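Please read the structure below before turning to the comments.
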Number of protein chains: 2
Amino acid sequence: MAVPSSVSVPPTASPLFLREHEVRRGVELLFFGYTRLTRAIDDGLAEHGLGRAHHRALYFIARQPDLPISALLKILAITKQSLGRVLNDLADKGLVETRTGTIDRRQKLLHLTPEGVKFEAQLFEALRSGLASAYAAAGQESVTGFWRVLEGLIPAEDKAMVIALQKDI
Amino acid sequence: MAVPSSVSVPPTASPLFLREHEVRRGVELLFFGYTRLTRAIDDGLAEHGLGRAHHRALYFIARQPDLPISALLKILAITKQSLGRVLNDLADKGLVETRTGTIDRRQKLLHLTPEGVKFEAQLFEALRSGLASAYAAAGQESVTGFWRVLEGLIPAEDKAMVIALQKDI
DNA sequence: AAGATGGGACAGCCATATTGACGTATCTTG
DNA sequence: CAAGATACGTCAATATGGCTGTCCCATCTT
């Protein structure tokens, strides 16, 4: 990364020192941006007696219908037990269903019910509204940069998974 | 925001539809980027028997020494009780101290002990390493865009607070 | 037939958040 | 100065969302 030439430090200063500002700014913006964006859906979730964990599952099932449970476990990076509780809640509320896999009958493929689709769309609207206005304010070139930096934060072993999410829509 | 001209949808498609892709991509990258970055410090925290909540407090106290508790409450947006426990833990470990405010003696101003400074620096190094490599891979222009979009996600009422964090370093 | 894999479930625990109520010291203001 | 607001602390109870360990069954692979 090019260091801005206008920084007024002695030429002997280490690159790490020069970068601290920019890193702290990134840490803080990520923290505030992420928490404030996700906060936008809390009310909608609370109306159904659900929490953010439920939304994360709902979101990725919406994104990749017929997702096997093992794939969702990798995406969320939580334990089977934690996910099990969340999925049971969603099934009890009639938002998520499973069907047995065809090529591997051990698998259960997850998909949303019509009510689940509706609910997820309603929550997505809150996210869309927040992100779209940030995109609009920043401009398309900034959005590209935003993506590029975030992609760089994803470890190589997870990158394929994220790209797979985005390829088929 | 300009919509990429290469998108192959009928000209009658609504702008909201056109944007869904880009929004989902942002949601996902934010989720993975944020969680993967913060995961980098979990080991260091666990060595001291601390969690992420402790790190958030530690981080912002490092960032603004002599921060009053009320300011930290606003930043973290949690309740006084939740923060109280975290601060007690940090004080017990000898990482954080308070002193009575001079202009307002009701306030307790938070600062890190020398051990706290050392520990925070060690955790910051993990964040720095992750973010700096993402910055380097993306390039300075992307970093600017990354910041711009994230700033747009912060509600107006919180923006002053975030800018205050960054002005004095 | 044996082992690996996908999924489910029980029990118990921990971290982090919440609400509500109450107390004390200190500052501000009529 | 008295009254009220503010900054902070604390007790008690509760919810959420993670975790580990263990054991189970069905199904696929070899």
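Throughout, protein chains are lettered first and strands after them, A, B, ... in sequence-line order, and every chain is numbered starting at 1. Since the structure is predicted, the reported quantities are computational estimates derived from the model, not experimental observations.
Counting only heavy atoms from C-beta on, A:Asp104 has its side chain closest to D:dC28 among D:dC28, D:dT6, C:dA17. For B:Lys108, whose side chain is taken as the heavy atoms from C-beta onward, the closest listed nucleotide among D:dG21, C:dT26, D:dG9 is D:dG9. If you check D:dG17, C:dT26, C:dA17 against the side chain of B:Arg85, the one that comes closest is C:dA17. Listed candidates were C:dG6, C:dA25, C:dA17. Nearest to the side chain of B:Ile78 is C:dA17.
Phosphate proximity of D:dC19 to A:Thr79: present, with a side-chain N or O under 4.0 Å from OP1 or OP2. Look at B:Arg105 and you'll find a side-chain N or O under 4.0 angstrom from OP1 or OP2 of C:dT26. Contact between the side-chain N/O atoms of A:Arg52 and the OP1/OP2 oxygens of C:dT16 is not found at any separation under 4.0 Å. The phosphate of C:dT18 has OP1 or OP2 within less than 4.0 Å of a side-chain N or O from B:Ser82. When the side-chain nitrogen and oxygen atoms of A:Lys80 are compared with OP1 and OP2 of D:dT20, none of them lie within a distance under 4.0 Å. For A:Ser70, no side-chain nitrogen or oxygen approaches OP1 or OP2 of C:dT5 to under 4.0 Å. Distances shown here put a side-chain N or O of B:His54 below 4.0 Å from the OP1 or OP2 atom of C:dT16.
Across all strands shown, B:Gly84 has no heavy atoms under 4.0 Å from either base or sugar-phosphate atoms. Contacts of A:Asn88 with the nucleic acid, taken as non-hydrogen atoms under 4.0 Å apart, involve only primed sugar atoms and P, OP1 or OP2.
Distance CD (B:Gln81) to P (D:dA12): 14 Å, rounded to an integer number of Å.
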